[in-house]
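Everything on this sheet refers to the single structure shown next.
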There are 2 protein chains.
Amino acid sequence: MARPRNFDPDIVVEVAMRAFWEHGYAGASFDKLVDDTGASRHGIYQEFGDKTGLLLSTLLHYEQTVLHKLTLELRGEKAALPEIRQFFQRVAKVARYDTEGAGCFMCNSHIEMEAEPQIREYTESFFQRLQRLFRRCLSQAQAQGELEPEKNITALSHYLVGLVRGISVNARSNPSAKAYDAYIEVALSVLK
Amino acid sequence: MARPRNFDPDIVVEVAMRAFWEHGYAGASFDKLVDDTGASRHGIYQEFGDKTGLLLSTLLHYEQTVLHKLTLELRGEKAALPEIRQFFQRVAKVARYDTEGAGCFMCNSHIEMEAEPQIREYTESFFQRLQRLFRRCLSQAQAQGELEPEKNITALSHYLVGLVRGISVNARSNPSAKAYDAYIEVALSVLK
DNA sequence: TTAATTCCAGAACATTCGTTCTTTAACCAT
DNA sequence: ATGGTTAAAGAACGAATGTTCTGGAATTAA
């Protein structure tokens, strides 16, 4: 009865995610998003409300795809230290090498959009969930004898969340590969 | 013979530094800088060239004042581990508590202005100098028996530079004071 | 074929930004 | 006191941005 849409919202989200990730929220203009996604301005507004709404959708997509993959083993029943280390190796790779130094999209948005309550609420909840996930793994590590029982796993879990953000910002800081890799390795040595 | 200037360039730099630090380069508009500094638009352009030139001047000022104070003992002849720890305690305090979570101005600018060669050249050189300073202290620490001789002090120094950026971004991420302090403490535990 | 509906393309709008220009005012050597 | 020089104040400009609006096109039920 009516003219059908000429674009795929899933593609819009995927393409917009890459744009926001690479250039930041402010650096990805609406005009360029229209060009890159192949959708119409009107269509994007109808589907996502406004630019912030589109960003939120891309962040959800980022968690459900990129982060979901990175945390796969971390979410396993018996996950402990090896799974944590594997997670960080993957994060380090994605943040710097797979994206040419774009960092972590969640971390980037968390900083750039701190003034936007809608985004901030979501990113903060994500990092809180991540912290609890780390703590669970650390607890398992203690139960399995991988980690000394006197270690403060709550403090350690907060540290690991901070490390994710640290890795992201360092990936974006264009240090030498040597400096970056050394940073990661030393940072993870606290889990020994 | 000519009308004298009605503003103090030193005050302009100091005030602009606070504005850039708190709101970022893009977030501190020229109009607001004119208002806050009390200088004239014309005067600022004549003195600093353009907005980027003003930013560069504020970064130099930041290094000569804030950072100079933070690294005072670190630059001492016999500086070693205690001086490094003191430096990070100070950085952690400034980045979060003294500035209401504005982070480190050098780190912020390093990230936000990565596309501006003039700024990038300067911030990169700063972090390089900082890395060498750390390595010197770590070397002293080994000489004084504070640090095990088999430790890779080059890797450690790269880690410490990465940690400065990590502290900055975490200070801006509004974690709880508990989470932030835990992050700092665990991060520094690698120096034990 | 027609009518109703929804879409697309892009013009238009309102804002904001960094920068430049114009006008007026302030100073001082003479 | 005055002419020459430079600063101040802010209007003006051009570019860019997110958002809205307009005119025409595509689709389908009748």
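In what follows, chains are A, B, ... by sequence order, proteins preceding strands, each numbered from 1.
Relative to the side chain of A:Ser40, the nucleotides D:dT6, C:dA9, D:dA9 differ in distance, and C:dA9 lies closest. Listed nucleotides: C:dT19, D:dG18, D:dA25. Nearest to the side chain of A:Arg3: D:dA25. Ranking C:dG18, D:dT5, C:dC8 by closeness to the A:His42 side chain, first place goes to C:dC8.
B:Phe7 comes within 4.0 angstrom of sugar-phosphate atoms only, judged by non-hydrogen atoms across all strands, and of no base.
For the ring-ring contact (aromatic ring centres under 6.0 Å, His included) test with B:Phe30, the passing option among B:Phe20, B:Tyr45, B:Phe48 is B:Tyr45; the others fail. Here the rule is side-chain contact (heavy atoms from CB on, under 4.5 Å) with B:Leu70, and of B:Lys93, B:Gln89, B:Glu63, B:Arg90 only B:Arg90 fits it.
Going from atom CZ of A:Phe48 over to atom C1' of D:dG18 covers 16 Å, rounded to whole Å. Rounded to whole Å, atom P of C:dT19 lies 12 Å from atom CG of B:Leu55. Regarding B:Asp8, its CG atom lies at a distance of 15 Å from the C1' atom of D:dA7, rounded to whole Å. If you take CG of A:Asn6 and P of C:dT5, they are 22 Å apart, rounded to a whole angstrom. Between the CZ atom of A:Arg41 and the P atom of D:dC21 there is a distance of 14 Å, rounded to whole Å. What separates OH of A:Tyr25 from C1' of D:dG18 is a distance of 8 Å, to the nearest Å. One interatomic measurement links the two molecules: CG of B:Asp50 to C1' of C:dC17, which rounds to 14 Å at whole-angstrom precision. Between the C1' atom of D:dT19 and the NZ atom of A:Lys32 lies a distance of 20 Å, rounded to the nearest Å.
At a cut-off of 3.5 Å, with distance as the only test, a side-chain donor of B:Thr52 or B:Tyr25 sits close to an acceptor on the other residue.
Comparing B:Pro4 and A:Arg5 along DNA chain C, the residue whose closest nucleotide (by nearest heavy atom) sits nearer the 5' end is A:Arg5.
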Take A:Glu116 and A:Arg120 through the test salt bridge (Lys or Arg N to Asp or Glu O under 4.0 Å) and record every step on the way to the result.
CA-CA 6 Å; A:Glu116 201 79 25; A:Arg120 181 185 178 134; over 6 Å; no
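Taking the ring centre of B:Phe127 as origin, the terminal cationic atom of B:Arg165 falls inside the region bounded by 6.0 Å and 45° from the ring axis.
Taking side-chain N and O atoms only, B:Gln46 has no distance below 4.0 Å to OP1 or OP2 of D:dT6.
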